[in-house]
Amino acid sequence: ELGAGGIVYFSPGIYLCTTGLVNSGRKLSFHGTSIDNTTLKKNANIDLLKVDSFVRYQTIQDITFDGNSKSETCLYMNTPNYCKLRHLRFTGNGGVAATDTDAALYLNNATASTLDWIMFSQTDNNTRSMYATNSPFLLMKNMYFNSGTLSNDVEIDQCNGLSMIGINIEAGGGMTIQGGTGIYLQDFIMEHDHQVAPLTIGKTGLPVRNIAIKNVITVRAGSTASSEPSIFCQLSSQNITIENVGIGASGDTGAHTGGYIELAEVFNVSIKNVMAQGLGNNVTAEDMIKTSSVGPDFVVLDSIYEADNTTAGDMDIRADNLIVRNSNVDCTINGSSTNITLENYTGTLTDNTRPREVTHLTNAVKTSIVDLSNANIKALAGTPIELVAAPGSGKLIELVSAMLFLDYGSEVLAEPSAPDDLAIEYDDGTGQQIVTADTTGFITSSADAIMSLVPTSLAGAAAITAAANVNKNIALINTGGNY
């Protein structure tokens, strides 16, 4: 047992330990020379280094902890405050799968502590890499996990104010964050076989609230079939923001049926700026975003895009109060979903439950203001004036209404062959006529005047979507002689 304060230095070498090192209530730090040169290695089922009571401002750095397939922890820390763990490596720990106190790194009540540049490689067993509980304002950065097959290889339990920045999750193990509020995750890379979900948010009885996940690259790799997502948010978790996600597949030949981002029983979710590429390499179709049969509520999906995905990349959604905007990804709406709004959406919508009210704002209503001079008005019979430019390939302008304002000057116009009607037509006045009006009393007014034009029916309506009118402008024309 180590009692006094100060720093314990470990010279280069491998230290084979039959009895664990215990620091009880002292401000004692442990420094090696580097993770390549200083190793503490178990030679029995022990807690290799144990800090078992309240300490502050302790540092543990530049050491490799080798579990040597023995049980209990490599580093056990109970009630450390403002402590720093940096430049550490954990490997080969043994013990019982998913047991908290057999995790390679165990933290309890680690208030405002920092973990920096730490590597876990538990490839020879199936025990946890890390377990942290009741540790508020924990900062984890620049950490690498290449471990096991447990869904909770890394478990973070009720750690309010948690920040994780620069996290790399590879191989087979997953990270679970359960309980807690005010959580921020940034700069995650997950290249994973997805036998378990690399990142799971929420657990029965332990929802996560107020969490932001930003800047994620997730790549599904491997040849084994899987139904697990990359990011799984579940069980009453709420106020979730997921932004800037890149989705891909690398050497992926397995049959996968899970979504990349999956939501179940969550509330107030915003997913923004997601791009998928290369998912067509997969054997089976899989969804970019998917919900469970008990879907989420109040969800915004914004700027979700896919590129070169031949068999995958859809969204499979059952949700209430859903907004999908700025997306080209095909979307299937399932179940009793209500209050669905699509805005600037160019994908294909499939609705498996009809009838259902869906608000489409894909072609948003726009206003065009055009000023005509006196000379323009007089020449409308031979020179139509464009009101709205051609919208682009495959698109058709729908006129909702037009308001004509006559700003009287000094000249009263006359109709030479009354009635000389004003009309709005496609393709500079050579296409389908949309609306027409007798302008007697309006164009001939000797004072300011207003006329409202609202299409009520279209002659030859079957022709309105003909190629002659698609991607054509609309123009104002005089159907008679010049005024």
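The chain is numbered in sequence order, starting from 1.
- If you check the side chains of His31 and Thr59, you find a donor sitting under 3.5 Å from an acceptor.
- A heavy-atom distance below 4.5 Å is found between the side chains of Leu88 and Ile60.
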Stepwise side-chain contact (heavy atoms from CB on, under 4.5 Å) check, Cys17 with Leu48: CA-CA 7 Å; Cys17 303; Leu48 193 51; 3.7 Å; yes
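- The ring-ring contact (aromatic ring centres under 6.0 Å, His included) search around Phe298 returns none, not counting sequence neighbours.
- Side-chain contact, Asp153 with Ser129: a donor N or O sits under 3.5 Å from an acceptor N or O.
- Within the 3.5 Å criterion, the main-chain N or O of Asn37 finds a donor-acceptor partner in the side chain of Ser34.
- Residues forming a ring-ring contact (aromatic ring centres under 6.0 Å, His included) with Phe145 (at least two apart in sequence, or on another chain): Phe120.
- Taking 4.5 Å as the limit, some side-chain heavy atom of Ser230 sits within range of a side-chain heavy atom of Tyr260.
- Annotation: salt bridge (charged side-chain N to carboxylate O under 4.0 Å, His left out) contacts of Asp187 (sequence neighbours excluded): none.
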side-chain contact (heavy atoms from CB on, under 4.5 Å) assessment of Tyr106 paired with Asp100: CA-CA 7 Å; Tyr106 175 92; Asp100 301 345; 4.2 Å; yes
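- Between the side chain of Ser237 and the main chain of Val208, a donor-acceptor pair closer than 3.5 Å is present.
- Annotation: Leu16, atom CG; neighbour count of heavy atoms from other residues, nucleotides and ligands within 6.0 Å is above 12.
- The shortest side-chain heavy-atom distance between Leu105 and Tyr131 does not fall under the 4.5 Å cut-off.
- Shown here for Met288 and Val274, the closest heavy-atom pair between the two residues is CE-CG1, 3.6 Å.
- By the 4.0 Å N-to-carboxylate-O rule, Arg318 lies too far from Asp316 to be salt-bridged with it.
- Lys42 places a side-chain N or O within 3.5 Å of a backbone atom of Ser71 that can act as its donor or acceptor partner.
- What you find for Glu228 and Gln195 is that their closest heavy atoms are CG-O, 3.4 Å.
- No donor-acceptor pair under 3.5 Å is formed between the side chain of Ser327 and the backbone N or O of Arg325.
- In this structure, the side chain of Gln234 engages the main chain of Gly202 through a donor-acceptor pair within 3.5 Å.
- Between Ile242 and Ile261 the shortest side-chain heavy-atom distance falls below 4.5 Å.
- Every residue meeting the salt bridge (charged side-chain N to carboxylate O under 4.0 Å, His left out) condition with Asp47, not counting sequence neighbours, appears here in chain and number order: Lys50.
- Contact record, Ser368 with Leu387: OG-O, 2.6 Å, taken as the closest heavy-atom pair.
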Steps toward side-chain contact (heavy atoms from CB on, under 4.5 Å) verdict (Ile317, Ser337): CA-CA 8 Å; Ile317 306 296; Ser337 302; 5.5 Å; no
Please list, one pair per line, the donor and acceptor atoms closer than 3.5 Å that link side chains of residues 160-173 to other protein atoms, with sequence neighbours excluded.
{"unit_1": "Asn160", "atom_1": "OD1", "unit_2": "Thr181", "atom_2": "N", "d": "2.9"}
{"unit_1": "Glu170", "atom_1": "OE1", "unit_2": "Tyr144", "atom_2": "OH", "d": "3.3"}

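- The two residues Lys84 and Arg86 make their nearest non-hydrogen contact at CD-NH1, 3.9 Å.
- Sparse packing is recorded around CD1 of Ile217, with 12 or fewer heavy atoms of other residues, nucleotides or ligands lying under 6.0 Å away.
- With no hydrogens or angles considered, no side-chain donor-acceptor pair links Tyr345 and Glu343 at under 3.5 Å.
- At a cut-off of 3.5 Å, with distance as the only test, no side-chain donor of Asn273 or Asp302 sits close to an acceptor on the other residue.
- Residues Tyr426 and Asn473 fail the side-chain proximity criterion, which asks for heavy atoms closer than 4.5 Å.
- Neither side chain, Asn93 nor Thr127, offers a donor N or O lying under 3.5 Å from an acceptor on the other.
- Listed by chain and number, the residues in a salt bridge (charged side-chain N to carboxylate O under 4.0 Å, His left out) with Glu155 are Arg128 (sequence neighbours excluded).
- Using a distance-only test at 3.5 Å, with no hydrogens or angles considered, no donor-acceptor pair links the side chain of Ser121 to the main chain of Asn146.
- When atom types are taken as modelled, the side chain of Asp66 and the backbone of Asn68 share a donor-acceptor pair closer than 3.5 angstrom.
- Between Ser11 and Tyr9, the closest side-chain pair of non-hydrogen atoms is not below 4.5 Å.
- Under the 3.5 Å distance criterion, the side-chain polar atoms of Asp320 are matched with a main-chain donor or acceptor of Thr338.
- Residues satisfying the side chain to side chain donor-acceptor pair (under 3.5 Å) criterion with Gln238, sequence neighbours excluded, are absent altogether.
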Stepwise side-chain contact (heavy atoms from CB on, under 4.5 Å) test for Lys472 and Leu396: CA-CA 7 Å; Lys472 303 297 183 182; Leu396 178 75; over 6 Å; no
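- Residues that satisfy the ring-ring contact (aromatic ring centres under 6.0 Å, His included) test with Tyr15, not counting sequence neighbours, are Phe10.
- Arg209 is linked by a salt bridge (charged side-chain N to carboxylate O under 4.0 Å, His left out) to nothing, counting only residues two or more places apart in sequence or in another chain.
- In this structure a side-chain-to-backbone donor-acceptor pair under 3.5 Å is present from Asp102 to Glu72.
- Residues Ile46 and Thr18 come closest through the heavy atom pair CG2-O, 3.4 Å.
- The side chain to side chain donor-acceptor pair (under 3.5 Å) check on Asn239 picks up Asn210, Asn268, with sequence neighbours excluded.
- Qualifying ring-ring contact (aromatic ring centres under 6.0 Å, His included) partners for Tyr82, counting only residues two or more places apart in sequence or in other chains: Tyr57.
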For a quick test of your reading: what N or O donor-acceptor pairs under 3.5 Å do the side chains of residues 110-119 make, sequence neighbours left out?
{"unit_1": "Ser113", "atom_1": "OG", "unit_2": "Cys83", "atom_2": "N", "d": "3.2"}
{"unit_1": "Ser113", "atom_1": "OG", "unit_2": "Thr111", "atom_2": "O", "d": "3.4"}
{"unit_1": "Asp116", "atom_1": "OD1", "unit_2": "Asn142", "atom_2": "ND2", "d": "3.0"}

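- With hydrogens and angles left out, the side-chain atoms of Thr176 and Thr200 include no donor and acceptor closer than 3.5 Å.
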